[in-house]
Structures are given as structure tokens and as C-alpha cells.
Amino acid sequence: MLKNIFKAKKFFQIYSPVNGKCVDLKDVNDQMFADKIMGEGVAFKYNGNTIYSPCKGKIVAVASTKHALGIETEDGIEILIHVGLETAEFNGNGFELLVNQNDKVTIGQPLLKIDRDFFETHHTDLTTPVVVTSKGLNIEFTNKEEVTIKDVVMMINR
């Protein structure tokens, strides 16, 4: 009986995809994310050039414009990483994909490189939301501000 109680409280951890600052979605300058239309999550402001996998799973979606990736965890939870705001308009310019659809990924694996100079030249906001697009989940946030790719930012329980 106790075994079932502990099993029911299994949390799935989502790590930061960058080294930087974790911010609340309501503070993202894009209504789709700020109003949580895409799902619950957090966003990141950072200075690096690499986006890392926040979880173990499989790449289930890669935007043709390379600005967004979908990952499905081993537990079937879907995570969206949306690199920057208004970045789809660059049609893949400024992005270098390091993974393909159906690739299996591990926590901290590099997924994508960005050309920060390119985006700065175009005055692009690189705030990167990470949202849980699966519905009906209990999500707890760690409330950390400064994060590294080794920090858990969300805990998900079915």
C-alpha cells in the first residue's frame, strides 16, 4: 500500500535550457505566452549561444523556421521550447539545429545554437519560453531567478 502512495507522487523534473535568468511567463512580451495560451511554464533571459535539452525524451516537433522544438518526455509529457520572440520571421536564419525530429535527447544535451550577433543586429528579443503543452498536469515551479542548465525549474506531477 505504501509503495502505491509514493508511486503516485512521482515528479518529472524540467531543467533550465540555458544559463541565465528565469522569469515568469506573465512578464514575457508576447501575449500567447504571457496569457499562457500555449501552456504553463517559465521563460529565460540569457547571454549564451546554445539551447540545451531541459529533459530526457524524444524530439517530436521541429519548426521549419528552427525557432521552436517540441520534446515528449518518457512519461508522455509534451514540452515546447520557443527560442526568442518574433524569431519565426527569420525563416531559420540565425539558428543551427543540432538535433532532428525523432532524435532521443538527454538532459543537458545541446539542441540548438543561435547566432546572437545576427539577432542583436535585428534587435530581436531572445527571451525563451519553455512551456508544458500537455494539459491536466500539476506543475510546481522552483522560483529560482539565476539558473544554470543543472537547475530544476519545474516539477510536473500527473
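- The NZ atom of Lys36 lies 4.0 Å from the CD atom of Glu40; values are rounded to the nearest 0.5 Å.
- Residue pairs meeting the salt bridge (charged side-chain N to carboxylate O under 4.0 Å, His left out) criterion with at least one partner in residues 74-97, sequence neighbours excluded, are Lys10-Asp75, Lys56-Glu74.
- Listed by first and then second residue, the salt bridge (charged side-chain N to carboxylate O under 4.0 Å, His left out) pairs involving residues 98-107 amount to none (not counting sequence neighbours).
- Atom CD of Glu72 is separated from atom CG of Asn102 by 10.5 Å, given to the nearest 0.5 angstrom.
- Val62 and Ile71 fall within the same hydrophobic cluster, where Ile, Leu, Val, Met, Phe, Trp and Tyr residues are linked whenever their side-chain heavy atoms come under 4.5 Å apart, directly or through other members.
- Ile59 is not listed as a side-chain neighbour of Asn100, based on a closest heavy-atom distance of 4.5 Å or more.
- The stretch residues 123-144 participates, sequence neighbours left out, in these side-chain hydrogen bond (donor to acceptor under 3.5 Å, both in side chains) pairs: Lys45-Thr127, Tyr46-Thr128, Asp125-Thr127, Lys144-Asp151.
- The heavy-atom pair separating Leu112 from Leu98 by the smallest distance is N-CD1, 3.8 Å.
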Do any side-chain atoms of residues 47-55 form donor-acceptor pairs under 3.5 angstrom with protein atoms, and if so which ones, sequence neighbours left out?
from	atom 1	to	atom 2	distance (Å)
Thr50	OG1	Lys113	NZ	3.0
Ser53	OG	Cys55	N	3.4
Ser53	OG	Cys55	O	2.5

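- For residues 69-100, the ring-ring contact (aromatic ring centres under 6.0 Å, His included) pairs, not counting sequence neighbours, are Phe33-His82, His67-His82, Phe90-Phe118, Phe90-Phe119, Phe90-His122, Phe95-Phe119.
- For Lys150, there are no side chain to side chain donor-acceptor pair (under 3.5 Å) partners at least two apart in sequence or on another chain.
- Within the structure, side-chain hydrogen bond (donor to acceptor under 3.5 Å, both in side chains) pairs that include any residue of residues 20-34 comprise Gln31-Asp35 (at least two apart or interchain).
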